[in-house]
Amino acid sequence: MERTNRWLWRLVIGVTAFFMVVKVLAIWAEGLWFASEGYGDVFFRRLLWQLAMFAIGFSLFFLLVYTPYWLARKAAEKVPMPLRERLFGDMEKLMVDVALDRWALGVCLFLAVIAGLIASSRWIYLMHFLYATPFGLTDPIFKHDVGFYIFTLPFLRFWVTFSLVGLMLGLIGMVLRLRYEELLRFEESGMEAPVFAARPLLAVVACFLFLLAISQFLGRYSILFSGRGVLFGAGFADVYGTRFAFWLMMIVSLAGAGWCLYEMRKGDLKRLRWVITTLFVTWLLGRLLFPAALQAFVVKPNERERERTFLAHNIAFTRYAYNLDKVRISRHPGEPMPSINDLRFHETALANIRLWDIDQLLDAFSQLQSLHMQYGFSAVDYDRYYIGGRLRQVAIAPRELFLPNSIATWVNRHLHYTHGYGIVMSLVTEFTGEGSPLFVVKDIPPQVDSKVPFKIRRPEIYFGEFVLPEERKRRQPFIRNRQQQTTQPTTTPSPPGQKNQPPSNQPPVPPIEDQQQPSQQASQYTIAEFVLVGTRASEFDYPLSGERSAWKETRYEADAGVPVGSWWRRLLFAARFMDLGLLLNTDITSESKLLMYRRILERVNAVAPFLLFDRDPYPIVTSDGRIVWIIDAFTATGSFPYSTPLSPQIRINYLRNAVKVTVDAYTGEMNFYAFDNEDPMLKTYRKAFPNLFHDREGMPPDVKAHVRYPQSLFAIQASMLCLYHMTDPDQFYLKEDAWEIAQEQSGVEGKPVPIRPYYTVIRSPDDGKDRFMLLIPFTPLGKPDKNMVAWMAAHCDYDRYGDLFVYKFPPGKLVDGPQQIEARINADAQISQHFSLWNQQGSRVIRGSLLILPVGSSLLYVEPVYLQAEQTPLPEIKRVIVSAGKKVVMGEDLWGALSKLFGTQIQDGMKNWGATSVSTPQVSPSFVSRDKVFSELLSYLREAKQAREQGDWLRFGEALNRAFEVAEKLERQAANR
């Protein structure tokens, strides 16, 4: 038996040592990657905090688990002739005791290691605790700064709970050892034990009760996150019931600990059961029954009166947590029909109305521009560029590498097929005569339209999203599947307890973590976790046209990646990826480098796991022809007092778009830019990692020109604003003016779905400039088919980034909501006839997103109509529906539909306005001096030239746009003469 035990221990130690060595090698390899990316100090700090937490957790947990067992063993040694010895004999008893002690030590060490690993994974708690930053905002109940609940309290509660669990396991081990030694008996009168055994047991119980008292002291702060009643946060029953119960539990625990210390003199355990009973009864009455009775008999009959003060706290803290307190609210006239004059004033906005939806573009791009079997598109994103001197909204998608499983050998995955190639860009308003997207950047090698202000000099994409379109639609809440109509809309985030609230059909809150089940079907493609460059093997660049089985080769030229030329480095990364190919492949040379973390979301998360990253990164093309990814990052917590969480599943209740990250698609270079220097959480991270973040002013101008407000954050803010635009507690309680996100009919079946936030170019109502903005409309709660009550917008341009405003319509004026427009479309005989005819010809009609565009004092409604063959997923735009006032018309394109709607010829650029000549709302041409206009034109051109020389493309585009506006004034003056 002894020999068996010895071999068993050797096996356990050997396996443990092997995995420990592999883990150490993997950590070493990870450190080399951090150093190669310039973030070695980030890795070192994190490793230091992890080691500190592991050391503390391992030592503390081992002490708490093993010490009670050791005390029980010492107590057993005081018995001269235990019962077990008489039963088994001296030698057999000794052997059992030795084996038991060894196994107990081994189990305690194993549990301590597990506990240490758990503690090391909570290194962010230590970072928050060490570098805590005050918010300058105190909670109304305990008068602590909010930073205490976000940075300090989680750290304290973790260690108290950690110690309680450890001591509980130690207490169980102690009881089992005493029972084994027949020193502890359970009688009807209670527990009995000799004095020398009872004293250590009472001491351990006293320590446990003392820790329990500390836990109750810290637990009283949890009422600030209570979901009882009509609000999130401490309500009347929590403040006057639950808080009292925590104090009572703390007093009872301390009293029990004191009694245990007192009874150590006599070693009497019989009354210990009364301590346990008293604790249970106190918990049952104080924590459950008393607050529930208070809620039912005191609060419910007078709920509005009792909860008014606490509702005010919930409203104020929720608005602060989601930045809703900075939303500016104004009035919109809500006139029924825009004038020709309004259209002319908003000509840039009209020329950028988005007719192409993302899901249709994904299909069209995949069919028309994948070009080769190993290429595909993860997503399509919207952005804006100055094309031909005019601000144009575009759809852009990088062509990424998706290697089919049929050719995914080790060499092909890691050495030969290493990168995607180029981007595809199309104008969102335009389409060809066949109804396909109008590309301004296309093909391999990239063909760039002469009007586009850049050339792609680095089309290779080594770092990307690498998500298949089907998977993208499953994960991304703002991309709709064509069969989405079967999905039930979610409800408006509302304070817990309001279960009788009617469904509000809000857009789904963007998941912070992927909570959906993975697809059961195996992928047909392989995405390599790493690639090797600088090897003897050639890298595939792209196929050569006209030559069968011929392709262009390339060599990686950037000074990026981790050198893996030595055998030691290859061993490290073989352990990191558990891949022997790194050791056995003969194409790796002394100059070879390894590129890892090629999925950009995994890449940035590896460096900054304390941030939340938006699931919709988007690519831009810089002035020097590089493809760069922009990723929005958020500081977030679920520990903000009184703030309503996103949902019952996602407990986050504080969110800031505090950071933007850029990742070079060729080199993988990452830059973290601090975009909200007022955010206390970001201040904490900047103190913890002084070299990680750059100031937003350091962002290159050609990147600044393409920042945009994240859809996910905007959707969350819009959903919360549906209730939290009401600041009066009585109005909030009654929901007198509650909203919901407006609905539209979209897809094949045309069933109602919530409108997703949409990017568009509009002339901003607050400063009169053409800007890239994010919009969403609202309707009254529970009335999705009724009129609109307001619309919300967010500025995306750098100089106004993050400015939020809401335009409310006059209460007495009826402004058509999207569902009313949809009903009017459905009732139009001509449109219905076209739909019926197309659906009978082996094709199906897909209704695009209904866009609502503010034009002057009115609204313009635009909806594209797609036609798609049953067998080929290639959608084509066939018609465009436009509505304003009470009229609905359908044209072959946007300008044809606008011409029908207004009864006059309207063309792109507003150059032909029919028989009636009108002046712009800004300036009447007849009163403008030609010399003054020429001088103004020249000044704008000089400003554009200067901006171009300085590389400030944002200012260049704005100046050039103004110059075109002035030139059009001159043209109108000449026409009027």
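None of the values given here were measured: they were computed from a predicted structure. Residues: numbered from 1 along the sequence shown.
- Between Ile358 atom CD1 and Asp616 atom CG the span is 6.5 Å, to the nearest 0.5 Å.
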For residues 327-334, run the donor-acceptor check on the side chains, cut-off 3.5 Å, and write out each pair with its distance to 0.1 Å, sequence neighbours left out.
{"unit_1": "Arg328", "atom_1": "NH2", "unit_2": "Asp766", "atom_2": "OD2", "d": "3.0"}
{"unit_1": "Arg331", "atom_1": "NH1", "unit_2": "Phe809", "atom_2": "O", "d": "3.2"}
{"unit_1": "His332", "atom_1": "ND1", "unit_2": "Gly334", "atom_2": "N", "d": "3.0"}

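- Distance check: Asn826 CG to Ile821 CD1 gives 11.5 Å after rounding to the nearest 0.5 Å.
- Donor-acceptor pairing under 3.5 Å is recorded for the side chains of Ser339 and Asp342.
- Under the salt bridge (charged side-chain N to carboxylate O under 4.0 Å, His left out) criterion, the residue pairs touching residues 820-836 are Asp816-Arg824, Glu822-Arg847, with sequence neighbours excluded.
- Here the CD-CG distance, from Glu863 to Leu850, works out to 5.5 Å after rounding to the nearest 0.5 Å.
- Residues Phe345 and Leu350 fail the side-chain proximity criterion, which asks for heavy atoms closer than 4.5 Å.
- Side-chain contact check for Arg390 and Thr348: no donor-acceptor pair (N or O, by modelled atom type) lies under 3.5 Å.
- No side-chain donor from either of Gln393 and Arg354 sits under 3.5 Å from a side-chain acceptor of the other.
- Minimum heavy-atom separation, Pro453 to Ile387: CD-CG1, 4.3 Å.
- Aromatic ring centres of Tyr385 and His706: separated by under 6.0 Å.
- Side chains of Asp614 and Gln711: no donor on one and acceptor on the other come within 3.5 Å.
- A heavy-atom distance below 4.5 Å is not found between the side chains of Val806 and Trp791.
- Of all non-hydrogen atoms in Ser883 and Val888, the two that sit nearest each other are OG-CG2, 3.5 Å.
- Note: Thr432 OG1 to Ile877 CD1 = 9.0 Å, rounded to the nearest 0.5 Å.
- Between Phe365 and Phe439, the ring center distance clears the sub-6.0 Å criterion.
- Proximity of Gln360 to Ile846: side-chain heavy atoms (C-beta onward) are separated by under 4.5 Å at one or more points.
- In this structure, Ile776 CD1 and Cys722 SG are separated by 8.0 Å, a value rounded to the nearest 0.5 Å.
- Put simply, the side chain of Leu853 does not reach to within 4.5 Å of the side chain of His346, judged on heavy atoms.
- Put simply, the side chain of Gln369 reaches to within 4.5 Å of the side chain of Phe377, judged on heavy atoms.
- Taking the six-membered ring for Trp and thresholds of 30 and 60 degrees, Tyr807 and Phe805 have ring planes more than 60 degrees apart, a perpendicular arrangement.
- Between Tyr709 and Asp797, the side chains place no donor N or O within less than 3.5 Å of an acceptor N or O (distance only, hydrogens not considered).
- Lys813 and Glu335 are joined by a salt bridge, as a carboxylate oxygen and a charged side-chain nitrogen come within less than 4.0 angstrom of each other.
- Counting heavy-atom neighbours within 6.0 Å of Gln367 CD, excluding the residue itself, gives a total above 12.
- Not a single side chain to side chain donor-acceptor pair (under 3.5 Å) links Lys900 to another residue, sequence neighbours left out.
- For the pair Ser426/Leu361, a side-chain contact is recorded, criterion being any heavy-atom separation below 4.5 Å from C-beta on.
- A distance of 13.5 Å separates CZ in Arg879 from CG in Leu355, rounded to the nearest 0.5 Å.
- Residues Val424 and Val441 are not in side-chain contact: their nearest non-hydrogen atoms beyond the backbone lie 4.5 Å or more apart.
- In terms of heavy-atom proximity, Trp838 sits nearest to Val865 at CZ3-CG1, 4.2 Å.
- Looking at Arg708 and Asp381, a side-chain N of the basic residue comes within less than 4.0 Å of a carboxylate O on the acidic one, giving a salt bridge.
- Under the 4.0 Å criterion applied to side-chain N and carboxylate O atoms, Arg800 and Asp803 are assigned as salt-bridge partners.
- Side chains of Thr429 and Asn352: no donor on one and acceptor on the other come within 3.5 Å.
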